[in-house]
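What follows is a short report on a single structure.
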Amino acid sequence: MASLSAKGIYKKYPGGVTAVTDFTMNIKDKEFIILVGPSGCGKSTTLRMIAGLEEISEGELYIGDRLVNDVAPKDRDIAMVFQNYALYPHMTVFENMAFGLKLRKVPKDEIQKLVEEAARILDITHLLERKPKALSGGQRQRVALGRAIVRDPQVFLLDEPLSNLDAKLRAQMRTELAKLHKRLGTTFIYVTHDQIEAMTMGDRIVVMKDGYVQQIDSPINLYTSPKNKFVAGFIGSPQMNFISARVIKNGGKYLVEFGSPDTKQAKGRKFYVEIPDNKVNDKLERYVDHKDVSFGIRPEHMYNDEEYISKATTGVVEAGVEVTEMMGAEIYLYLTCEGTPIISRVSSTSTARPGDTIKLAIDPQHIHLFDNDTEESILLN
C-alpha cells in the first residue's frame, strides 16, 4: 500500500493549452480520494498523469517515496479501471482477469488462486467461464475491477467507472465500491463528474474547474463551508440558490438586503436577513453599502413551515410557485422571488401548488455570501 504526493503538477499541450495547473496534494495510504468537476476541468488528465498515460509537463509525482515522473506505467504498481471497461471480447472472464498476471509470468497455480479470490470478493465466481458479451453492464464492471484487484497494486485509479450503468445499478455499485475499498485497504483515486458519487464515497474530495483545484476537503466541509461560489454551486442537489444582494448595517447589526430594484416610478420591495454574529468577520465591513454580493442559500434551508415562519424575525420572503416536483419524501418547489428563480426543498406534506404565492423563512445560520468579482466566500462558516 502507498501514499501519493503531487507537487506543482502541470499538463501543457502544444499551442499554449494548459489542461492542469499547479495540482498539489498529499494522499494518505488507504485514502479514498475523489476528483470531481465538470467536463473538461482536468480531472481525467490528472488521473492519466498519475497512471503514466500522460507525460507530466512540470512538477513532481511520488508514489510512496519514489519519484515516478519518468517511470513507465507498468512499473508504477498501479491499476486503472476505465469508463468503458476495456475487456477482451474473445476471452472468458477468467482469462480477462488473468491476462496481466500471465504477462508477468506468474505461475499458473498462483494465477488460479488470485483470480478465484478476486471473483469471490466481487461475487462473480459463477461468471468465470462466460465471455463479456454474455455479461450485463454491472457484471462487466466487476470483471474490470477484478482484473485490477488480482494485481494487488499500491494505488487503484478509477476513471468514471459507473457512468455507463443505469441509475439503480450505479447506486448499488457505489455501495459495493465503498465496501471494496475498506476490504482491500488500498489507496483509491476516483474520477467522476457526478457530485452524488463524490459526496457518498470519498474520504476527501478534490473539486476542479478549468484545470485548477478549487478546494480539497471532506464531503461535509465542502457542503457547509465552500471556499467559493463555484464549489457552493457544484456541490449539492438541487444546487444552492444565488441571489444578487447588498450588505447593509442597521443598529450595529449586519444585514443582507435583496429583492426588486428601486426605479424612478416606484421603490422596489426588499427582504432582509440578519447575519449571525458567529458568521461576521473583519472583511465584511468593506462590503457595507459599497458593493453588490452574491447571496447563497441551499434549498433545504428555506422553510415553508408555518411555525418556523412565525418565529422568524428576519429572512421571511414571498415567492410565486412555478413548478412542483414530488420526490417521495420531499417536494422541490421551483419559485420566483422578485424576478429571481429559486428552489426550495420542503416536506411532502406541503400544499403549495403552481400559481400560489407562499412565504419562506431563510435559516440565517446557513447563509453564504460571495464576492461578485473573485467569487470567494465572505462569511465565516
Under 4.5 Å between side-chain heavy atoms, counting indirect links through other Ile/Leu/Val/Met/Phe/Trp/Tyr residues: same cluster for L122 and L128 or not? yes
Pairwise side-chain contact, Y190 with P161, heavy-atom cut-off 4.5 Å (strictly under): yes
For a salt bridge (charged side-chain N to carboxylate O under 4.0 Å, His left out) check, start with the C-alpha distance between K229 and D371, then their side-chain angles and the critical distance, and finish with the verdict. CA-CA 8 Å; K229 188 176 177 180; D371 186 295; over 6 Å; no
Indicate the atoms forming the closest heavy-atom contact of V206 with I33, along with that distance. CG2-CG2, 4.0 Å
Are I248 and F258 joined in one hydrophobic group, where the rule is that I, L, V, M, F, W and Y side chains link up if heavy atoms are under 4.5 Å apart? no
Less than 4.0 angstrom from a charged side-chain N to a carboxylate O is my criterion; do D373 and K291 meet it? yes
Run Q139 and Y85 through side-chain hydrogen bond (donor to acceptor under 3.5 Å, both in side chains) and show every step you take. CA-CA 10 Å; Q139 289 169 337; Y85 318 139; over 6 Å; no
Between K270 and E257, does at least one N-O distance fall below 4.0 Å, as a salt bridge requires? no
In this structure, would V247 and L255 fall into the same cluster of hydrophobic residues linked by side-chain contacts under 4.5 Å? no
Would you please test N381 and K279 for side-chain hydrogen bond (donor to acceptor under 3.5 Å, both in side chains) and show each step? CA-CA 6 Å; N381 290 308; K279 287 183 164 287; 3.1 Å; yes
Carefully, step by step, assess V93 and L135 under the rule side chain to side chain contact (heavy atoms under 4.5 Å, CB included). CA-CA 9 Å; V93 167; L135 304 177; 3.7 Å; yes
Applying side chain to side chain contact (heavy atoms under 4.5 Å, CB included) to E285 and K249, what does each step give before you reach the verdict? CA-CA 9 Å; E285 183 65 34; K249 210 168 182 181; 3.0 Å; yes
Search all heavy atoms of L222 against all heavy atoms of R298 and return the closest pair with its distance. O-NH2, 4.4 Å
Nearest heavy-atom pair of Y13 and A19: which atoms, and what distance? CE1-CB, 3.6 Å
Looking at side-chain heavy atoms only, is the closest gap between F271 and C337 below 4.5 Å? yes
Trace of the salt bridge (charged side-chain N to carboxylate O under 4.0 Å, His left out) decision for R204 with E31: CA-CA 8 Å; R204 284 191 297 159; E31 224 179 344; 2.6 Å; yes
Between N372 and S294, does any side-chain donor sit less than 3.5 Å from a side-chain acceptor? no
For Y88 and F99, I'd like to know if the aromatic rings sit close, meaning centre-to-centre distance below 6.0 Å. yes
Hydrophobic cluster identity match, L145 and M80, side-chain contacts under 4.5 Å: no
Does the side chain of S163 pick up a donor-acceptor pair with the side chain of Q83 at under 3.5 Å? yes
What is the ring orientation for F156 with F188, classed by angle as parallel under 30°, tilted 30 to 60°, or perpendicular over 60°? tilted
Would you say that more than 12 heavy atoms from the other residues, nucleotides or ligands in this model lie under 6.0 Å from the CD of Q365, or not? yes
Check the side chains of N228 and Q214 for a donor-acceptor pair under 3.5 angstrom, ignoring hydrogens and angles. yes
Membership question, hydrophobic clusters at under 4.5 Å side-chain separation (ILVMFWY): are I9 and I34 in the same one? no
Heavy-atom distance under 4.5 Å between the side chains of I362 and H301, does that happen here? no
Any side-chain heavy-atom pair of V150 and L101 under 4.5 Å: yes
Taking E58 first and then K12, would you say they form a salt bridge - that is, a charged N and a carboxylate O separated by under 4.0 Å? yes
Under the side-chain hydrogen bond (donor to acceptor under 3.5 Å, both in side chains) rule, what do Y62 and E60 come out as? Steps first, then yes or no, please. CA-CA 7 Å; Y62 292 85; E60 296 179 332; 3.2 Å; yes
Looking at D194 and R170, is any side-chain nitrogen of the basic one under 4.0 Å from a carboxylate oxygen of the acidic one? yes
Using the side-chain contact (heavy atoms from CB on, under 4.5 Å) definition, which of the options L284, V293, N281 pairs with L379? L284
Might you confirm whether atom CG of D289 has over 12 heavy atoms from other residues, nucleotides or ligands at distances under 6.0 Å? yes
Count the heavy atoms belonging to other residues, nucleotides or ligands that lie under 6.0 Å from CD of E376, then report whether that count exceeds 12. yes
Quick one: do the E116 and Q112 side chains pair a donor with an acceptor below 3.5 Å? yes
Taking the side chain as every heavy atom from C-beta outward, state whether S3 and T187 have any atom pair closer than 4.5 Å. no
Check the side chains of E325 and Y334 for a donor-acceptor pair under 3.5 angstrom, ignoring hydrogens and angles. yes
Give a yes-or-no answer on whether the side chains of T192 and E197 include a donor-acceptor pair shorter than 3.5 Å. yes
Candidate pair D123 and R142, rule salt bridge (charged side-chain N to carboxylate O under 4.0 Å, His left out), full reasoning: CA-CA 8 Å; D123 194 23; R142 289 171 189 266; 5.7 Å; no
Near K283 NZ, under 6.0 Å, is it more than 12 heavy atoms from other residues, nucleotides or ligands? yes
Does K311 make a cation-pi contact with Y308, if we ask for NZ or CZ under 6.0 Å from the ring centre and within 45° of the axis? no
Ignoring hydrogens, what is the shortest heavy-atom contact between R76 and V68? Give both atom names and the distance. NH2-O, 2.9 Å
R269 and E338: CA distance, side-chain angles, deciding distance, salt bridge (charged side-chain N to carboxylate O under 4.0 Å, His left out) verdict: CA-CA 8 Å; R269 186 164 65 153; E338 296 301 302; 2.7 Å; yes
Identify whether the distance between the nearest side-chain nitrogen and carboxylate oxygen of E95 and K102 falls below 4.0 Å. no
Between V207 and F230 the two heavy atoms that sit nearest each other are CG1-CE2, 3.7 Å
For I56 versus L61, what's the shortest heavy-atom pair and its separation? CD1-CB, 3.7 Å
How long is the span from the CD1 atom in I27 to the CG atom in L4, to the nearest 0.5 Å? 4.5 Å
